[in-house]
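Here is the structure we will look at, set down as structure tokens.
Proteins get letters first, then strands, A, B, ... in listed order; numbering begins at 1 in each. If you're wondering where the values come from, they're calculated on a predicted model, not measured in any experiment.
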Amino acid sequence: MDSSLMTREKKEKRTDLPELSISSIEGPVVMRIAPGPSGPLHLGHSRVAVLNDEYVRRYEGRLINRFEDTNPEKIDPDAYRMIPEDLDWLGVEIHDTIIQSDRFERYYEVIRQLTGMGHAYVCICDSDDWRNAKSACECCPCRDQPVEVQLERLDRLMSSHYAAGKAAAVIKTAIDHPNPALRDFIALRQVDHPHPRTGDRYNIYPMMNLSVAIDDHDLGLTHVLRGKDHLNNTFRQEYIYDYLGWRKPTFMHYGLVSIPDTVLKTSVIGRGIKEGQFTGWDDVRTGTLRALARRGIKPEAIRRFWMDVGIKQVDVQVSWDNLFAMNRDIIDSQAQRYFFVPNPVAVDVCFDGEAESHCPLHPDRPELGQRKHSFSGDFQVHICPDDMQELQDRGMIRLKGLCNISHGEICRHAGDDMGVTRQGVKVIQWAPPGSIPAEVLMPDGGLVKGLVEPVSAAAGDMVQFERFGFVRLEQVDTRVRAVYAHR
RNA sequence: GCUCCUGUAGUGUAGUCCGGCCAAUCAUUCCGCCCUUUCGAGGCGGUGACCCGGGUUCGAAUCCCGGCAGGAGCACCA
């Protein structure tokens with residue numbers, strides 16, 4: 001038996017998410033993620049995906065991906081393709097996919113049913129008046145019309161008799177509910193905007209509280225896990241469950257996520273791409289999963305990160321440090337080491353002899369072999385400006401894996417005694433003759449140019465540029481292009 | 001304004017339901033030291049927190065009350 005299914009002892013450390021309440025459900029656990037197809041997924045979205053996925057795996061249940069595309073004005077048609085790609089990259093296993101724009105008839109059926117039961121009405125008041133009445137706990141004139149009138153109006157609404165914005169189907173809750181957010185809510189309205197999937201076949205669209213309640217019920221969801229920004233939506237949706245006598249899933253709400261130092265908002269990124277400020281959905285200045293993937297952040301690190309954060313209702317601020325630490329832990333043993341010299345300056349070294357440098361491709365894995373460079377007589381290497389300064393100040397520096405060089409009137413090979421490092425001589429990376437032009441794309445969008453020794457890793461690999469940071473190689477041929485991940 | 005949710009180190013987290021083993025866990029950050037021909041990895045050590053005030057109790061991070069603070073919602077977005 002899976003030990004995680006056993007009730008934990010009081011003093012036992014929690015290493016996992018808390019248990020789901022499964023005593024009251026009959027079949028398997030069914031959960032869902034419900035992205036709006038307005039763009040690709042970003043780091044914030046990945047939390048709900050990972051957590052749902054983890055639960056479904058643990059209980060051997062099913063995970064449904066539901067595209068919530070009931071607002072035709074906010075849809076990017078590419079998102080229907082990009083989101084599954086992103087989920088796949090994250091390692092989230094989807095057992096079923098449904099699209100809300102396939103289900104308009106069902107939503108119409110339910111709103112008609114609710115109207116017939118007297119739980120919904122069609123309001124044809126000015127929307128401001130309706131809202132103002134609500135905030136004063138008062139009904140608008142439409143609310144108390146008899147059911148026959150409401151059904152008639154619903155027919156008219158459905159046949160576009162009213163102009164968009166002039167009428168809406170409204171779910172009754174309690175007009176004097178103490179929480180103003182819960183007094184009557186719009187369920188259905190007309191939107192005159194072509195839908196990328198259904199064109200102009202439908203122009204009556206459900207609001208999310210209607211479609212979500214219906215779908216969650218129809219799909220047999222047992223648990224709904226989402227952000228607590230949906231708390232009031234849950235309360236609204238529960239009215240629909242209650243009116244129709246539906247059994248409710250267990251609702252769980254985790255705290256809000258704030259992610260510093262990055263652009264997350266899909267609409268902002270989309271606009272930025274159109275206007276040329278961003279290079280695309282994978283622009284490293286954004287927090288999309290595509291951007292993180294490009295930087296070499298592994299999906300396993302993201303998963304570990306969200307598991308560590310858990311499902312508490314406290315708001316959290318994402319710590320890039322923590323995420324990077326988890327990523328470093330994953331990639332460190334795989335990443336080959338290379339010398340990259342940013343903003344290189346040449347150093348001519350006076351030498352009459354022969355030497356060969358030896359640096360391991362990975363310091364902890366000698367079996368991977370070494371990078372070797374041979375020297376005979378005078379030679380030239382490149383080092384970065386800070387190290388040049390150090391060489392001048394101290395008069396000596398050690399080229400890692402090769403030799404020491406001294407700085408006087410001219411620079412000289414100064415032997416291979418490693419003991420000098422104990423006297424504080426710095427050990428630096430250097431670019432041998434035959435190095436390749438390289439540029440590293442930094443998280444702020446800037447480019448660091450330099451030289452890198454010949455690289456035997458391939459595009460797509462993570463490598464560590466020693467004393468610079470971990471990068472993901474994007475191009476390796478006559479030049480090297482890489483994207484900075486973290487230190 | 002109203003309603004709801006939440007307050008443990010810089011950040012994330014454990015403990016809170018069922019009060020004592022909590023002078024509070026783990027990770028990360030930061031600072032030392034060791035090791036290492038990287039500012040990576042590894043090892044050792046250190047700094048650092050129970051929002052405040054009352055109450056109950058022999059005993060409160062944990063239970064109760066009151067403050068305060070933060071967040072969310074009050075959309076014909078999701």
Side-chain angles (χ1 to χ4, degrees), chain A residues 10-15 34-38 68-71 73-75 100 123 127 130-131 134-135 137 162 164-170 177-183 185-191 204-209 211-212 226-236 253-256 258 260 266-267 304-310 312-326 328-329 331-333 335 337-339 357-360 362-365 398-404 416 418-421 425-429 464-470 486-487:
Chain A
K10 191 174 174 202
K11 288 305 283 184
E12 189 181 329
K13 290 267 193 298
R14 202 207 82 184
T15 56
S38 57
E68 305 211 325
D69 56 347
T70 54
N71 181 1
E73 294 173 354
K74 289 196 177 176
I75 298 174
Q100 290 193 316
C123 176
S127 58
W130 174 77
R131 215 172 310 123
K134 269 204 321 176
S135 59
C137 292
Y162 308 103
K166 296 294 180 192
V170 180
H177 198 290
N179 184 347
L182 299 185
R183 293 172 201 151
F185 59 92
I186 308 278
L188 195 81
R189 86 297 197 199
Q190 179 174 333
V191 180
I204 309 298
Y205 289 89
M207 302 294 289
M208 68 101 95
N209 283 308
S211 53
V212 165
R226 54 183 169 183
K228 72 178 183 186
D229 49 324
H230 285 296
L231 215 43
N232 283 329
N233 289 322
T234 295
F235 294 139
R236 294 189 182 110
H253 303 88
Y254 57 73
L256 256 58
S258 82
T266 308
S267 55
R304 265 170 61 180
F305 179 79
W306 288 128
M307 288 295 283
D308 185 53
V309 170
K312 292 207 315 184
Q313 288 207 27
V314 255
D315 301 340
V316 300
Q317 189 178 59
V318 165
S319 161
W320 290 104
D321 275 342
N322 286 9
L323 177 61
F324 292 156
M326 291 174 184
R328 193 181 296 124
D329 191 46
I331 62 175
D332 181 58
S333 65
R337 268 60 174 174
Y338 290 102
F339 288 161
S357 69
H358 301 271
C359 285
H362 194 292
D364 305 327
R365 301 174 66 192
R398 176 164 179 82
L399 302 180
K400 187 178 173 186
L402 177 60
C403 66
N404 308 323
D416 194 21
M418 270 190 279
V420 298
T421 61
V425 171
K426 265 176 80 180
V427 179
I428 64 162
Q429 85 278 25
Q464 187 199 44
F465 285 167
E466 293 196 32
R467 300 179 70 232
F468 183 80
F470 289 92
H486 46 71
R487 200 164 52 98

### Options B/rU3, B/rU38, B/rG40, nucleotide nearest the side-chain atoms of A/Phe470
B/rG40
## Note on the structure
Between CD of A/Gln429 and C1' of B/rC39 the distance, given in whole Å, is 10 Å
### Message
Using a 3.5 Å distance criterion without hydrogens, assess whether the side chain of A/Lys228 forms a donor-acceptor pair with backbone atoms of A/Gln313.
### Response
yes
### Task
Walk me through it: do A/Tyr254 and A/Lys312 pass the test side-chain contact (heavy atoms from CB on, under 4.5 Å)?
CA-CA 5 Å; A/Tyr254 57 73; A/Lys312 292 207 315 184; over 6 Å; no
### Message
I need the A/Ile186 CD1 to A/Trp130 CH2 distance, nearest 0.5 Å.
### Response
3.5 Å
### B/rA14 OP1/OP2 closer than 4.0 Å to side-chain N/O of A/Lys312
yes
Protein-nucleic acid N or O pairs under 3.5 Å, nucleotides 44-47 of chain B:
none

### Query
Which whole-number value in Å describes the distance from A/Trp320 CH2 to B/rU29 C1'?
16 Å
### Message
Would you compute the distance between atom CZ of A/Arg337 and atom NZ of A/Lys400 and round it to the nearest 0.5 angstrom?
### Response
8.5 Å
Find every protein N or O atom lying less than 3.5 Å from an N or O atom of nucleotides 30-36 of chain B, and list the pairs.
none

#### Entry: Length of the line joining A/His486:NE2 and B/rU28:P, which is rounded to integer Å
14 Å
### Query
With rounding to whole Å, what would you report as the distance between B/rA9 and B/rA49 at their C1' atoms?
4 Å
### Query
Is it true that A/Asp69 and A/Lys74 have a side-chain N and a carboxylate O under 4.0 angstrom from each other?
no
### Task
Could you check whether A/Gly255 gets within reach of a base, just the sugar-phosphate, or nothing at all, counting any heavy atom under 4.0 Å?
nothing
### Task
Working to the nearest 0.5 Å, report the span between CZ of A/Arg183 and CZ of A/Arg131.
14.0 Å
### Query
What nucleic acid atoms does A/Arg183 come within less than 4.0 Å of, heavy atoms only: base, sugar-phosphate, or nothing?
nothing
### Message
Distance check, C1' atoms only: B/rG43 and B/rC58, in whole angstrom units.
### Response
45 Å
### Task
Give one of base, sugar-phosphate or nothing for A/Gln464, where a contact means two heavy atoms less than 4.0 Å apart.
base
### Message
Quick check on A/Lys166: does its NZ atom have over 12 non-hydrogen neighbours (other residues, nucleotides or ligands) under 6.0 Å away?
### Response
no
### Task
Sugar-phosphate means primed atoms, P, OP1 and OP2; the rest is base. With that split, encode nucleotides 69-78 of chain B 5' to 3' as B, S or - using protein heavy atoms under 4.0 Å.
--SSBBSBBB
### Query
Is it true that A/Arg487 and A/Asp321 have a side-chain N and a carboxylate O under 4.0 angstrom from each other?
no
### Qualifying residues under ring-ring contact (aromatic ring centres under 6.0 Å, His included), relative to A/His253, sequence neighbours excluded
none
### Query
With rounding to whole Å, what would you report as the distance between B/rG55 and B/rU11 at their P atoms?
31 Å
### Message
As an exercise, state the distance from CZ of A/Arg226 to OG1 of A/Thr234, rounded to the nearest 0.5 Å.
### Response
3.5 Å
### Task
For RNA chain B, just give me the dot-bracket, please: Watson-Crick or G-U, both distances below 3.5 Å, ( ) intra-strand, [ ] crossing earlier pairs, | paired with another strand, . unpaired.
(((((((..(((.......[.....))).(((((.......)))))....(((((..]....))))))))))))....
### Spacing between A/Ile428 atom CD1 and B/rC39 atom C1', to the nearest angstrom
14 Å
### Query
How would you label the contact of A/Asn322 with the nucleic acid (heavy atoms, under 4.0 Å): base, sugar-phosphate, or nothing?
base
### Query
For atom C1', what is the distance between B/rA23 and B/rA61, given to the nearest Å?
13 Å
### Task
Begin from the C-alpha positions of A/Ile331 and A/His486 and carry the test side-chain contact (heavy atoms from CB on, under 4.5 Å) through to its verdict.
CA-CA 11 Å; A/Ile331 62 175; A/His486 46 71; 3.9 Å; yes
#### Entry: Contacts of type ring-ring contact (aromatic ring centres under 6.0 Å, His included), residue A/Phe468, not counting sequence neighbours
A/Phe340, A/Tyr484
### Message
For A/His362 and A/Pro178, find the nucleotide of RNA chain B closest to each by heavy atoms; which residue's nucleotide sits nearer the 5' end?
### Response
A/Pro178
#### Entry: 5'-most by nearest nucleotide on RNA chain B - A/His177 or A/Arg467
A/His177
### Query
With rounding to whole Å, what would you report as the distance between B/rC18 and B/rA27 at their P atoms?
31 Å
### Sidechain-backbone polar pair: A/His362 side chain, A/Asp332 backbone, donor-acceptor under 3.5 Å
yes
### Query
Rounded to whole angstrom units, what separation is found between the CG atom of A/Asp329 and the P atom of B/rG12?
21 Å
### Query
What distance, rounded to whole Å, do you find between the two P atoms, one in B/rC5 and one in B/rC63?
15 Å
### Query
Would you find a donor on one side and an acceptor on the other, under 3.5 Å apart, between the side chain of A/Arg365 and the backbone of A/Ser333?
yes
### Message
What's the gap between B/rA60 and B/rC51 when it is taken at their P atoms, as a whole Å value?
### Response
15 Å
### Message
Nearest whole Å is fine: how far is B/rG12 P from A/Tyr254 OH?
### Response
16 Å
### Task
To the nearest Å, give me how far apart CD (A/Gln313) and P (B/rC17) are.
17 Å
### Task
Check whether any side-chain N or O of A/Arg236 sits under 3.5 Å from a backbone N or O of A/Ala181 as a donor-acceptor pair, and report yes or no.
yes
### Message
Distance check, C1' atoms only: B/rG19 and B/rA24, in whole angstrom units.
### Response
14 Å
### Task
Measure from CZ on A/Phe235 to P on B/rC4 and round the result to the nearest Å.
9 Å
### Query
When you measure from the side chain of A/Arg398 to the backbone N and O of A/Thr421, does any donor-acceptor pair fall under 3.5 Å?
no
